[in-house]
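A short worksheet on the structure shown next.
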Amino acid sequence: MPGIKGPSDYSQEPPRHPSLLINSKVPFNAEPPRSALASSYVTPVDLFYKRNHGPIPVVDDIERYCVDICSLIGTPKKLYMRDVRMLPKYNVTATLQCAGNRRTAMSKTRKVRGVGWDVSAIGNAVWGGAKLADVLELIGIPKLTCSTQSGGKHVEFVSIDKCKEENGGPYKASIRLSQATNPEADVLLAYEMNGKPLNRDHGYPLRVIVPGVIGARSVKWLDSINIIAEECQGFFMQKDYKMFPPSVDWDNINWSTRRPQMDFPVQSVICSLEDVQSIKPGKVTISGYAVSGGGRGIERVDVSIDGGKTWLEASRSQKTGVPYIADHVSSDKWAWVLFEVTVDIPYSTEIVAKAVDSAANVQPENVQDIWNLRGILNTSWHRVQVRVGQSNM
């Protein structure tokens, strides 16, 4: 593709923050320490988790870079960066979460396949760019369109990124046309992250941001956008990122029986404590993040200091100085909330967190009940073990 290329090896990788916990060197997959997440509502770019499937693409001529927009009929339109920047710019605060977040904990129940993630395959950022609904109007697809006259019902995003799962072909995913053309869905063609141009790890020069769904649908390093009749048939839509019951294993799996995962369930994680932590007896501040997919707010975060026998309600916050109210116009509906509660811990115990979203969905108590062979969507109660004695902090 003019202006950008996907390297065949890992000799041109970008620099990364030294505190990142590396889960895979090639391709590079890493997450920040959990303590870094609760310290900032907007996650610093360097500490935003890195999820890659191959070598990071290289832009050699930004003026020549363009995205082909193809429909079922008609001549493809080339969309250059200058065209995107001429459209109204929107800033959308949205949390991206890898579907495999907390996979490592799920694998302790039974073995799963996939990159081992702790609790930090998630981050919250302010994404800047053009709304996809405005872009699609350029090729004659009006806002709030569910189906085109030629039968297009889905929008497919294809990356310049080549990956082994596609047998050397490009990474790709799709969303429904009804979502893509809905301005309220806030789907972006983003060129900024936290007020600065995207860096290479996060999709420079242009990526899709699909708020409220698993990160796998927010395709980076855009090569083309296709209006298609059926959902994307790529590997990551059809043979990955689907939720199966615990009874399914690799001997009896039938991928076609499940739909591709889109929205993610309600989730919360304690970030101020490690899985096993020694502390001194006394007051302890417990903090972390909570988030739900589909634009649903967080109605409540409950914290227990006795393994789930009794509960305390934690405070919730987003923007400094603005009270958080779930689903209120003043709140960022696509973003996580940070929670905090200060408690007295006199003895060793298990601390637990669980969140309830605005649709009254609540996290399941046990990971065993939601185990699946790909280790996705581990949203079970988050538990940490506290040993009271001499602090190691």
Side-chain angles (χ1 to χ4, degrees), residues 1-7 10 12-17 20 27-32 40-69 79-98 121-132 134-135 157-163 170-173 175 186-225 332 334-335:
M1 178 182 181
I4 188 171
K5 61 183 179 181
Y10 293 89
Q12 300 180 71
E13 294 291 279
R16 278 100 178 199
H17 197 279
L20 292 176
F28 190 81
N29 290 279
E31 61 189 298
S40 175
Y41 174 57
V42 174
T43 308
V45 173
D46 287 347
L47 296 179
F48 207 98
Y49 77 99
K50 321 295 182 189
R51 177 69 176 107
N52 297 307
H53 297 89
I56 305 301
V58 176
V59 175
D60 52 23
D61 189 343
I62 191 62
E63 296 300 322
R64 296 177 63 218
Y65 168 78
C66 63
V67 176
D68 287 326
I69 304 181
L79 187 74
Y80 290 85
M81 285 301 298
R82 59 181 176 270
D83 301 320
V84 181
R85 291 181 178 277
M86 287 179 64
L87 292 169
K89 180 188 174 184
Y90 293 87
N91 288 314
V92 176
T93 304
T95 297
L96 291 189
Q97 178 177 209
C98 178
I122 187 171
N124 190 50
V126 180
W127 308 95
K131 286 196 176 183
L132 181 58
D134 290 341
V135 172
F157 311 112
V158 182
S159 175
I160 194 68
D161 182 29
K162 304 298 191 293
C163 44
Y171 185 97
K172 51 190 174 181
I175 63 174
D186 289 329
V187 181
L188 292 184
L189 294 193
Y191 46 81
E192 287 184 0
M193 181 179 183
N194 295 350
K196 296 182 179 180
L198 294 169
N199 71 11
R200 289 179 57 206
D201 264 321
H202 295 296
Y204 178 77
L206 194 65
R207 69 172 298 169
V208 183
I209 294 294
V210 188
V213 310
I214 63 171
R217 312 311 177 205
S218 290
V219 176
K220 297 182 282 188
W221 312 294
L222 270 179
D223 179 48
S224 63
I225 298 173
D332 293 329
W334 306 115

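Numbers for residues simply follow the sequence, beginning at 1.
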Grab the two heavy atoms, one from [X] and one from [Y], that are nearest each other, plus how far apart they are.
{"X": "Asp60", "Y": "Lys5", "value": "OD2-CD, 4.3 Å"}
{"X": "Ile160", "Y": "Asp223", "value": "N-CB, 3.8 Å"}
{"X": "Pro14", "Y": "Arg200", "value": "N-NH1, 3.7 Å"}
{"X": "Ser224", "Y": "Val67", "value": "CA-CG1, 3.8 Å"}
{"X": "Val92", "Y": "Pro211", "value": "CG1-CG, 4.4 Å"}
{"X": "Tyr191", "Y": "Lys89", "value": "OH-CG, 3.5 Å"}

Fill in: Minimum side-chain heavy-atom gap Val45-Lys196 below 4.5 Å
no
Worksheet item: Can you tell if the side chain of Trp127 reaches within under 4.5 Å of the side chain of Met193, non-hydrogen atoms only?
Response: yes
Practice prompt. Apply the test side-chain contact (heavy atoms from CB on, under 4.5 Å) to residues Ile4 and Tyr204: give CA-CA distance (whole Å), side-chain angles for both, the deciding distance (0.1 Å), then the verdict.
Written response: CA-CA 10 Å; Ile4 188 171; Tyr204 178 77; over 6 Å; no
Fill in: Residues Val208, Leu132; criterion side-chain contact (heavy atoms from CB on, under 4.5 Å); working and verdict
CA-CA 8 Å; Val208 183; Leu132 181 58; 5.5 Å; no
Look up atom [atom1] in [X] and atom [atom2] in [Y], then write down how far apart they are to the nearest 0.5 Å.
{"X": "Arg85", "Y": "Leu87", "atom1": "CZ", "atom2": "CG", "value": "11.5 Å"}
{"X": "Ile209", "Y": "Leu198", "atom1": "CD1", "atom2": "CG", "value": "7.5 Å"}
{"X": "Ile122", "Y": "Cys98", "atom1": "CD1", "atom2": "SG", "value": "10.0 Å"}
{"X": "Leu96", "Y": "Arg207", "atom1": "CG", "atom2": "CZ", "value": "5.5 Å"}
{"X": "Asp83", "Y": "Leu189", "atom1": "CG", "atom2": "CG", "value": "11.5 Å"}
{"X": "Leu206", "Y": "Phe157", "atom1": "CG", "atom2": "CZ", "value": "11.0 Å"}

Do [X] side-chain atoms and [Y] backbone N/O form a donor-acceptor pair below 3.5 Å?
{"X": "Asp61", "Y": "Glu63", "result": "yes"}
{"X": "Lys50", "Y": "Phe48", "result": "yes"}
{"X": "Tyr171", "Y": "Ala216", "result": "yes"}
{"X": "Ser218", "Y": "Val210", "result": "yes"}
{"X": "Asn52", "Y": "Asn29", "result": "no"}
{"X": "Lys220", "Y": "Arg51", "result": "yes"}

Discussion item. Among residues at least two apart in sequence or on other chains, which ones pass side-chain hydrogen bond (donor to acceptor under 3.5 Å, both in side chains) with Trp221?
Written reply: none
Worksheet item: Do Thr43 and Asn124 have side-chain N/O donor and acceptor atoms under 3.5 Å apart?
Response: no
Practice prompt. Could you check Ile62 against Met81 for side-chain contact (heavy atoms from CB on, under 4.5 Å), going step by step and ending with a plain yes or no?
Written response: CA-CA 8 Å; Ile62 191 62; Met81 285 301 298; 4.0 Å; yes
Practice prompt. Measure from NZ or CZ of Lys131 to the centre of the six-membered ring of Tyr90 and say whether it is under 6.0 Å with the direction within 45° of the ring axis.
Written response: yes
Practice prompt. Walk me through it: do Val135 and Val84 pass the test side-chain contact (heavy atoms from CB on, under 4.5 Å)?
Written response: CA-CA 8 Å; Val135 172; Val84 181; 5.6 Å; no
